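Notes to accompany the following structure.
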Number of protein chains: 2
Amino acid sequence: MSSSHYQQIQRYFSELIANKALLAGSKLPSEREIGEQFKLTRITVRQALQNLEAEGLIYRQNRRGWFVTPPAVVYDPASYLSFNLYVSEQGCQPSTQKLAQQLEPANAHIATLMGIPEKTPVLFLHRRRYIDQRPVLIEKMYINIALLPGIENEDLTQSLSQLLKNKYQLEYHNMDLFFKSTSLPAHAANDLGISAGQPGLHIERINYLTNDENNKQVLEIDYEFWRHDAVTINISIRD
Amino acid sequence: MSSSHYQQIQRYFSELIANKALLAGSKLPSEREIGEQFKLTRITVRQALQNLEAEGLIYRQNRRGWFVTPPAVVYDPASYLSFNLYVSEQGCQPSTQKLAQQLEPANAHIATLMGIPEKTPVLFLHRRRYIDQRPVLIEKMYINIALLPGIENEDLTQSLSQLLKNKYQLEYHNMDLFFKSTSLPAHAANDLGISAGQPGLHIERINYLTNDENNKQVLEIDYEFWRHDAVTINISIRD
DNA sequence: TAACAAATCTGGTATAGACCAGATTAACGA
DNA sequence: TCGTTAATCTGGTCTATACCAGATTTGTTA
């Protein structure tokens with residue numbers, strides 16, 4: 001059977017969490033305490049904790065300790081609902097913080113996708129989003145201001161889909177999505193307040209104005225970096 | 001800047017791989033050799049290698065060594081193309097191995113989704129799929145034989161979507177998809193020949209026969225366990 | 001030459017320490 | 001009471017070493 005020592009620790013905490021003996025958000029004993037309890041060295045303890053982290057059962061806060069992961073939110077990037085509505089419908093409290101907003105010349109990739117000349121200004125928006133005060137998502141968005149004049153003067157901590165609907169009478173439900181399960185790049189890990197190399201989910205989204213394949217107008221290109229343990233993606237495909 | 005020792009190793013190999021000085025599939029020096037080269041202990045070396053693994057740049061084979069990860073395949077679960085066509089179109093060689101096939105009584109979850117009584121027999125199909133001889137995906141499928149009579153007598157290493165199309169004149173493009181980035185459960189890691197706890201991508205797919213929301217007929221429920229470094233998911237949403 | 005056994009190489013697991021830097025808490029002084 | 005400082009706690013990084021089990025290679029033997 002699975003008899004290595006670190007697996008015993010893993011099972012121990014797995015069961016505590018499954019049985020709700022350890023509730024979401026609560027703190028685990030320190031690595032040194034666990035080591036004493038099981039008569040194992042810290043390295044062995046850390047191996048177990050890192051595996052539990054990979055499973056998404058626990059997460060760490062830099063030099064503060066290990067904590068039980070709250071349940072993942074179900075998120076549908078293609079939904080009519082915004083992040084805010086989604087999260088609150090699931091009984092959690094969403095919030096959004098704007099980290100940066102500026103006009104930037106489009107790089108080659110962005111320009112090609114948007115069908116605009118390179119170095120045309122686009123609106124860069126950098127946001128951090130929270131679920132129950134826990135930072136879970138970094139967004140970096142490039143917005144086609146040619147299609148959305150004046151958007152830079154709006155409150156950009158709110159839901160973009162709401163804003164487009166209310167101010168521009170636009171709804172985008174045509175998009176290309178790319179998902180990749182990989183570790184968080186340094187900048188995203190930094191923004192999330194965790195150490196680089198933690199596992200994450202990387203989403204690239206290209207939002208189109210129309211569903212005309214021959215005249216694709218790109219409203220917005222969105223890069224999302226999620227904590228891997230914070231979200232389950234749900235998409236319904238209907239023809 | 002990022003000055004810890006293991007980060008130096010990480011950068012070193014990152015650059016070798018980026019510059020194609022180390023090609024996909026090639027073997028890294030052993031942990032002990034790397035340690036000698038950098039005058040660092042094996043624990044430090046392993047920290048670097050584990051981070052590179054989390055980034056998807058390298059992967060390990062149990063007690064054989066560390067290898068450079070081949071480029072990820074782009075996969076669209078909602079596509080008209082099958083896994084086989086997808087992979088070969090990207091210049092790689094797909095193959096499929098049937099690990100198990102049997103009639104099983106439906107459990108509560110399956111029965112509810114399929115709208116059949118619990119313990120009604122469903123066809124369980126367990127497959128392993130390879131890209132260029134590398135096992136990357138474990139599939140566990142539950143097939144509604146009431147809608148697909150005689151399917152258990154077909155060759156089930158082939159593409160299911162092809163089979164449904166040819167034999168039953170069915171095409172399913174209505175589905176619910178769930179993605180979760182998490183470590184591989186023990187059974188899947190085992191089937192993939194890697195140690196448990198490695199990062200993975202978990203997909204649950206429910207395939208419907210029609211797009212009638214009031215009369216959902218479930219053809220098949222599919223659980224997919226992917227190596228996290230083997231695939232990028234791509235989905236196009238059009239209304 | 002083919003079959004088998006032994007030596008070797010690899011990562012997997014583990015011990016027993018050590019020092020650092022950031023976060024938290026306790027103690028102290030105004 | 002409030003603000004600052006110092007002690008303490010926590011995970012982050014690292015050295016040095018050891019033994020194990022599976023995979024591979026080498027060597028030997030029939």
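Below, read A as the first sequence line, B as the second, and so on, with proteins coming before strands; counting in each chain starts at 1. Note that this is a predicted model, so its numbers are computed, not measured.
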Any side-chain N or O of [X] below 4.0 angstrom from OP1/OP2 of [N]?
X: B:S30; N: C:dC9; value: no
X: A:Y6; N: C:dT13; value: yes
X: B:T44; N: D:dT15; value: yes
X: B:T41; N: D:dA16; value: no

Which nucleotide wins on minimum distance to the side chain of [X], given the candidates [options]?
X: A:R42; options: C:dG12, D:dG11, C:dT15; value: D:dG11
X: B:R63; options: C:dT24, C:dT15, D:dA21; value: D:dA21
X: B:R32; options: C:dG12, D:dC14, C:dA14; value: C:dG12
X: B:K27; options: D:dA23, C:dT13, C:dT10; value: C:dT10

Could you tell me the separation between the [atom1] atom of [X] and the [atom2] atom of [N], rounded to a whole number of Å?
X: A:R64; N: C:dA23; atom1: CZ; atom2: P; value: 9 Å
X: B:I43; N: C:dG17; atom1: CD1; atom2: C1'; value: 11 Å
X: B:L40; N: D:dA16; atom1: CG; atom2: C1'; value: 13 Å
X: A:Q61; N: C:dT24; atom1: CD; atom2: C1'; value: 13 Å
X: B:R60; N: C:dT10; atom1: CZ; atom2: C1'; value: 12 Å
X: A:W66; N: C:dA23; atom1: CH2; atom2: P; value: 17 Å

*How close do A:I151 and A:L163 get, heavy atom to heavy atom, and via which atoms?*
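Result for this residue pair: CG1-CD2, 3.8 Å.
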_side-chain contact (heavy atoms from CB on, under 4.5 Å) partner of A:N84, chosen from A:R129, A:Q93, A:E89_ =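 Of the listed residues A:R129, A:Q93, A:E89, the side-chain contact (heavy atoms from CB on, under 4.5 Å) partner of A:N84 is A:R129.
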Tell me whether the rings of [X] and [Y] are parallel (<30°), tilted (30 to 60°) or perpendicular (>60°).
X: B:W226; Y: B:F83; result: tilted
X: A:Y75; Y: A:Y86; result: perpendicular
X: A:H187; Y: A:F225; result: perpendicular

*Sugar-phosphate, base or nothing in reach of A:Q50, heavy atoms under 4.0 Å*: nothing
